[in-house]
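Every heavy atom of this structure was used, including side-chain atoms; hydrogens, water molecules and symmetry mates were not.
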Amino acid sequence: QNNTVKKEPAKPTNTNTKKEFPPYTVKKGDCLWNIAVKHYGNKNALKWKDIYKANKTVIEKTAKKYGYKSSNNGWWIFPGTKLTIPPL
């Protein structure tokens, strides 16, 4: 007779359902709208504003490096720029 009690596997304690994304490196031809669609899907394309807000400093700094006064709220983004993609 085997009196071994089987324990159920522990359930994950992390109830965070937000999807995390790795950093994204801007490629030639990218725009924040398309980056948002790529990560969040068509229904969330307007989340490009969240990507801009999360990366405003690096986007603006890079625009100035390329001779622009500003990025025009993310209109101008440049290949090689590493962006943080905020969770949805």
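- Asn55 contributes a side-chain N or O that, together with a main-chain N or O of Ile51, makes up a donor-acceptor pair within less than 3.5 Å.
- Sorted by first then second residue, the side chain to side chain donor-acceptor pair (under 3.5 Å) pairs that include residues 63-76, not counting sequence neighbours, are Glu60-Ser71.
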### Task
For the pair Thr62 and Val26, evaluate side chain to side chain contact (heavy atoms under 4.5 Å, CB included) and give the outcome as yes or no after the intermediate values.
CA-CA 12 Å; Thr62 305; Val26 175; over 6 Å; no
Taking only distance into account, with no hydrogens and no angle test, what donor-acceptor pairs under 3.5 Å do side-chain atoms of residues 78-88 form with protein atoms, sequence neighbours excluded?
residue : atom : partner : partner atom : Å
Thr81   : OG1  : Phe78   : O            : 2.7
Lys82   : NZ   : Thr25   : OG1          : 3.4

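- Evaluation of the side chain to side chain donor-acceptor pair (under 3.5 Å) test over residues 33-51, restricted to residues two or more places apart or in two chains, returns none.
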